[in-house]
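Order of listing sets the numbers, starting from 1, for every ligand and every atom in it.
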Amino acid sequence: MPSITLIVNGAEHKTECASGESLLSVLRHRLGLTGTKYGCGEGQCGACTVLLRGKATRSCLTPAESVAGEKLVTIEGLAANDHMHPLQQAFLDEEAFQCGYCTSGMIMSAYSVLLAHPHPSDEEIIQYMDGNVCRCGTYPRIMAAIRRAAQGAKKP
Ligand code: FES
Ligand code: FES
């Protein structure tokens, strides 16, 4: 079985991975980073979103071998020094979830919005969040959370 190195949230991880194994599977099952969720497994829901080169990326469709040596950010990488990231706090403050299953992916996509547009318009938020599905229908609260984080935001 090949082994690869991934740089996840600033830490280097050397891990085995099966040929064709998804990045999502490696994150969850080999590195124990279970904050990134399996939703559809087909690139349609966004639950598995991580950041790769500053861009929101569907880890279910990304072969782990294709990102060997790359720097990745997962939901576990946002909090710092026991303090939640402003986006995480804003999602809590706005109660922008019900079951919470989509939330990691929503926050990672929202993170990519704020990286590109620290003070985004609603159109820009929708453009970046469009592929993330919330089965509980909390979209208005998610929009409010992103606006709230942006208002308090310097650069994420
Ligand atoms: S699990 Fe990857 S997009 Fe749904
Ligand atoms: S909060 Fe349940 S899927 Fe979004």
When the side chains of residues 99-108 are checked against the rest of the protein, which donor-acceptor pairs come out under 3.5 Å, sequence neighbours left out?
| unit_1 | atom_1 | unit_2 | atom_2 | d |
| --- | --- | --- | --- | --- |
| Y101 | OH | Y38 | O | 2.5 |
| T103 | OG1 | G100 | O | 3.1 |
| S104 | OG | G35 | O | 2.8 |

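- In plain terms, the two heavy atoms of T49 and S109 that are nearest each other are CG2-OG, 3.6 Å.
- Look at C134 and atom 4 (Fe) of ligand 2: an N/O/S atom of the residue is under 2.8 Å from the metal.
- The single protein non-hydrogen atom nearest to atom 3 (S) of ligand 2 is R135 N, 3.3 Å, given as residue, atom name and distance.
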Would you give me the side-chain donor-acceptor pairs under 3.5 Å for residues 60-69, sequence neighbours excluded?
| unit_1 | atom_1 | unit_2 | atom_2 | d |
| --- | --- | --- | --- | --- |
| T62 | OG1 | R58 | O | 2.7 |
| E65 | OE1 | G20 | N | 3.3 |
| S66 | OG | P63 | O | 2.6 |

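- Here C102 meets the criterion, with an N, O or S atom under 2.8 Å of atom 4 (Fe) of ligand 2.
- The protein heavy-atom contact nearest to atom 1 (S) of ligand 2 is Q98 N, 3.1 Å.
- Shown here for C17 and I4, the closest heavy-atom pair between the two residues is SG-CD1, 3.9 Å.
- The number of protein N, O or S atoms lying under 2.8 Å from atom 4 (Fe) of ligand 1 is 2.
- How far OG1 of T34 is from CD1 of I75: 11.5 Å, rounded to the nearest 0.5 Å.
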With a cut-off of 3.5 Å and sequence neighbours excluded, list every side-chain donor-acceptor pair involving residues 135-144.
| unit_1 | atom_1 | unit_2 | atom_2 | d |
| --- | --- | --- | --- | --- |
| Y139 | OH | C134 | N | 2.8 |
| Y139 | OH | C134 | O | 3.4 |
| R141 | NH1 | E94 | O | 3.3 |

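- Minimum heavy-atom separation, E21 to S25: OE2-OG, 2.7 Å.
- Between the H13 side chain and the T5 main chain, no donor and acceptor come within less than 3.5 Å of each other.
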